[in-house]
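Below is one structure; the comments refer to it alone.
Just so you know, these numbers use all the heavy atoms, side chains as well, and skip hydrogens, waters and symmetry mates.
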Amino acid sequence: RPLSPPNAAAISDLIEGFDRAALQSPTWVEDLNARARNAGEDPLWRARRHDGVHAFVDVQAARFSARNGKFVTLFIQDMTTAVTAETALLEVRLQIIHNWRLSSLGEMASMVAHEVNQPLSAAINYLAAAETAVKKPGPNTANAPELMAAARAQVKRAADIILRLRALMIHEKRYQARERVAEVI
């Protein structure tokens, strides 16, 4: 049977968003209980305790009949402690992920520095040899173009390393290529 107005009003005042008019629906109990299992909707309600402090509560309902009447009982459980613990756990997880990313970034920076340093050092050596060859008088300048080409190749190698790292960092949503089904199988 419908809740009397004082009781219904009290529930609406204590539990935010509690729809008093929905109590009249024949499927209200099922809808309320399904709310807890629906992944798209927050199963908890915000409520006000008797001392005025706000809390998170789980609300379930059950129908029963007694003395030729139909009744609905609400089971209200304070979930504030669970929500607080879940929030703290989420914050710890986020901190762990952040620390892991920082650690990974440090390792990646060290690796990139090492990989790019090799071709750049080689290019510096080739350019120093070409400079030495050009400064000396005589026919020693003949190999200077080869040394500069080798330096250019090493600088290109360093640029290719950076391009491959950039390609590695790009998150492609999908990769498609034509394949022969027989070969794949």
Side-chain angles (χ1 to χ4, degrees), residues 1-117 159 161-179 181 184-185:
R1 90 181 163 185
L3 293 174
S4 63
N7 292 338
I11 292 171
S12 296
D13 290 343
L14 293 178
I15 301 174
E16 294 177 13
F18 195 85
D19 186 7
R20 190 172 79 181
L23 292 172
Q24 308 309 319
S25 167
T27 63
W28 179 81
V29 169
E30 292 78 12
D31 294 343
L32 176 72
N33 293 339
R35 174 185 167 124
R37 294 183 296 275
N38 185 356
E41 193 172 350
D42 185 9
L44 298 180
W45 300 75
R46 274 184 58 88
R48 186 174 38 86
R49 294 184 190 156
H50 68 312
D51 59 0
V53 175
H54 281 90
F56 291 98
V57 295
D58 179 41
V59 180
Q60 296 292 307
R63 293 183 193 279
F64 67 95
S65 299
R67 297 189 186 137
N68 298 328
K70 293 185 178 184
F71 300 91
V72 173
T73 298
L74 294 180
F75 300 93
I76 303 171
Q77 181 179 6
D78 188 346
M79 300 297 290
T80 305
T81 304
V83 169
T84 303
E86 204 172 299
T87 302
L89 180 62
L90 179 61
E91 288 177 15
V92 168
R93 282 183 183 161
L94 291 174
Q95 187 63 41
I96 289 170
I97 289 170
H98 177 71
N99 290 342
W100 176 78
R101 285 182 180 165
L102 286 177
S103 175
S104 296
L105 187 60
E107 290 175 19
M108 179 77 99
S110 175
M111 188 261 320
V112 169
H114 176 74
E115 290 296 320
V116 173
N117 193 38
I161 290 170
I162 292 170
L163 287 175
R164 283 193 304 273
L165 285 171
R166 279 187 178 166
L168 181 67
M169 297 295 179
I170 294 174
H171 178 70
E172 293 185 22
K173 294 191 183 216
R174 60 182 175 176
Y175 172 75
Q176 294 181 351
R178 291 187 179 267
E179 297 289 341
V181 174
V184 171
I185 292 174

Can you tell me how far apart [atom1] ([X]) and [atom2] ([Y]) are? Round to the nearest 0.5 Å.
X    : Y    : atom1 : atom2 : result
S103 : M108 : OG    : CE    : 12.0 Å
E179 : I185 : CD    : CD1   : 12.0 Å
I15  : R48  : CD1   : CZ    : 11.0 Å
R63  : T73  : CZ    : OG1   : 11.0 Å
N99  : R101 : CG    : CZ    : 11.0 Å

Nearest atoms (heavy-atom pairs only) where [X] meets [Y]:
X   : Y   : value
V57 : A47 : CG2-CB, 3.8 Å
W45 : V59 : CD1-CG2, 3.6 Å
W28 : A61 : CZ3-CB, 3.8 Å

Does any N or O in the side chain of T80 come within less than 3.5 Å of the main-chain N or O of F56, such that one atom is a donor and the other an acceptor?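 The answer is yes, because a donor-acceptor pair under 3.5 Å joins these two groups.
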Side chain to side chain contact (heavy atoms under 4.5 Å, CB included) between H98 and Q95, intermediate numbers included: CA-CA 5 Å; H98 177 71; Q95 187 63 41; 4.1 Å; yes
Considering residues, nucleotides and ligands other than N68, do more than 12 of their heavy atoms fall under 6.0 Å from its CG?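 No, the 6.0 Å shell around CG holds no more than 12 heavy atoms from other groups.
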Looking at T84, V83, L90, which hits side chain to side chain contact (heavy atoms under 4.5 Å, CB included) with T87?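 Of the listed residues T84, V83, L90, the side chain to side chain contact (heavy atoms under 4.5 Å, CB included) partner of T87 is V83.
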